[in-house]
Amino acid sequence: KPRTPHVRSAAFAALGACDLLRVRPEADPVRVLLSDCLDLIPRRPGPHWNWPEPRLRYANATLCEALIVGGITLRQPVTVRHGLAMLQTLLELETGTRGWLSLTGTAGRGPDDPHPLWDQQPIEAAAIAQACLRAFEVTGDLSWVHGVRRAWGWFIGENDSRTMMYDSAVGAGYDGLEPHGRNSNCGAESTLAALSALQCAISITAVRR
C-alpha cells in the first residue's frame, strides 16, 4: 500500500501506530505500517556531522522518539539504540555554549551554522522533552531527566533571548523566540507544545519522587 515519502510524517505516523498497538496488539496492518515508517527514518551519521540528514529541520527529536518507541513496540533493540544515539547527538547539536537549548531556527541548521539561529520554534523544545522522557522510561538513565528539564527550561527563559515562552496565567505558549524577545502571538501549536513540555517536566518530577 502507498506510504508517505516524508520522514517526519512517517515519524508521527509511527508514534500513532505505537499508541494503537498498545491497546490493539493484534492489529497486524498497524504493525506493518509501523515497520514501514521506521524503515523510512534515516539513522546513519552523515558525512559532515553525526546527524543522519544534511540539515536539522522540523520536530527533529520526533525522529528519535519514533525509533525508541517503535523499537520497543517491535522488539528491535538495535532500533532503540539508534534512536537513543540520535537523541544524544541532537542534544549536543542543540545545546549552546551556556548550557541551555539553542534550537534550530525556521531555516534549519547545517553542520557549519553557528549558535544561535532564529526564529526558534516551541515544537522543537517540546519534541526534545517528549523524546527524552521516553528515553528515560526505557533506560532509567538520569541523564535524560536533564534533557527534559533543559527542554522545559527553554520555555521559562533559559534560552538565547532570556525570554519567557510560556504564559502561566493563561496556559499559553508564544509562537517563536526572536533575537530580542519573542513573537507575542500564542497559536495552538505553540500552546500545545508548551503544555506538552510542562507535562513531561511534571512526569519526571513524579518519577524521581
Side-chain angles (χ1 to χ4, degrees), residues 8-9 11-16 18-19 55-66 68-69 86-88 90-109 113-137 142-209:
R8 278 151 184 76
S9 297
F12 284 115
L15 291 174
C18 290
D19 287 341
R55 292 182 67 80
L56 290 170
R57 294 187 287 135
Y58 178 83
N60 299 289
T62 302
L63 277 61
C64 312
E65 183 186 3
I68 294 168
V69 180
M86 282 176 57
L87 183 56
Q88 182 59 50
L90 182 64
L91 284 172
E92 292 168 1
L93 293 173
E94 298 279 73
T95 299
T97 56
R98 297 188 180 183
W100 56 59
L101 286 185
S102 183
L103 297 171
T104 293
T106 52
R109 182 192 298 281
D113 291 334
H115 294 278
L117 297 174
W118 314 102
D119 292 346
Q120 298 176 25
Q121 303 297 299
I123 191 173
E124 303 302 330
I128 288 174
Q130 291 165 356
C132 286
L133 178 59
R134 298 279 201 175
F136 173 67
E137 291 171 345
L142 289 177
S143 67
W144 300 117
V145 171
H146 301 307
V148 175
R149 288 178 172 171
R150 204 181 306 169
W152 173 239
W154 184 89
F155 285 96
I156 56 174
E158 296 170 12
N159 54 50
D160 289 320
S161 294
R162 306 297 285 166
T163 298
M164 288 289 292
M165 294 297 292
Y166 174 67
D167 185 343
S168 60
V170 296
Y174 295 98
D175 277 0
L177 187 71
E178 301 173 345
H180 304 293
R182 67 193 177 209
N183 182 328
S184 60
N185 187 59
C186 295
E189 179 183 288
S190 302
T191 295
L192 290 172
L195 294 176
S196 173
L198 175 58
Q199 286 180 325
C200 290
I202 291 172
S203 296
I204 285 296
T205 302
V207 169
R208 294 205 70 186
R209 288 179 181 172

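Everything numeric here is computed off the predicted structure, so don't read it as measured data. Note that the numbering runs from 1 along the sequence shown for the chain.
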N/O donor-acceptor pair under 3.5 Å between [X] side chain and [Y] backbone:
| X | Y | result |
| --- | --- | --- |
| Arg57 | Arg8 | no |
| Thr205 | Ser203 | no |
| Ser161 | Pro179 | yes |
| Glu94 | Thr104 | yes |
| Ser196 | Leu192 | no |

Nearest 0.5 Å, what's the [atom1]-[atom2] distance between [X] and [Y]?
| X | Y | atom1 | atom2 | result |
| --- | --- | --- | --- | --- |
| Gln88 | Trp144 | CD | CH2 | 4.5 Å |
| Asp119 | Asp175 | CG | CG | 10.0 Å |
| Met165 | Asn159 | CE | CG | 7.0 Å |
| Leu91 | Ser143 | CG | OG | 8.5 Å |
| Arg134 | Glu65 | CZ | CD | 4.5 Å |
| Leu101 | Leu93 | CG | CG | 11.5 Å |

Non-hydrogen side-chain atoms of [X] and [Y] separated by less than 4.5 Å:
| X | Y | value |
| --- | --- | --- |
| Trp152 | Tyr166 | yes |
| Leu90 | Leu63 | no |
| Glu158 | Arg149 | no |
| Gln199 | Leu133 | no |

Does the side-chain contact (heavy atoms from CB on, under 4.5 Å) test come out yes or no for Asp160 and Trp118, once each step is laid out? CA-CA 10 Å; Asp160 289 320; Trp118 314 102; 3.6 Å; yes
Run the numbers on Gln120 and Trp154 for side-chain contact (heavy atoms from CB on, under 4.5 Å), then give the verdict. CA-CA 10 Å; Gln120 298 176 25; Trp154 184 89; 3.0 Å; yes
Assess the residue pair Asn60 and Glu124 against the criterion (side-chain contact (heavy atoms from CB on, under 4.5 Å)); give the C-alpha distance rounded to whole Å, side-chain angles, the decisive distance to 0.1 Å, and a yes or no. CA-CA 7 Å; Asn60 299 289; Glu124 303 302 330; 3.2 Å; yes
For [X] against [Y], the heavy-atom pair lying closest together:
| X | Y | value |
| --- | --- | --- |
| Gly147 | Cys132 | CA-SG, 3.8 Å |
| Ile123 | Ala59 | CD1-CB, 4.1 Å |
| Gly173 | Ser190 | O-CB, 3.5 Å |
| Ala135 | Ile68 | CB-CD1, 4.2 Å |
| Ala197 | Phe155 | CB-CE1, 3.5 Å |
| Thr62 | Ala127 | OG1-CB, 3.7 Å |

Just checking Arg98: does its CZ atom have more than 12 heavy atoms from other residues, nucleotides or ligands closer to it than 6.0 angstrom? no
Before you tell me yes or no, could you show the steps for Asp167 and Tyr174 under side-chain contact (heavy atoms from CB on, under 4.5 Å), namely the whole-Å CA-CA distance, both residues' side-chain angles and the distance that decides it to 0.1 Å? CA-CA 8 Å; Asp167 185 343; Tyr174 295 98; 3.7 Å; yes
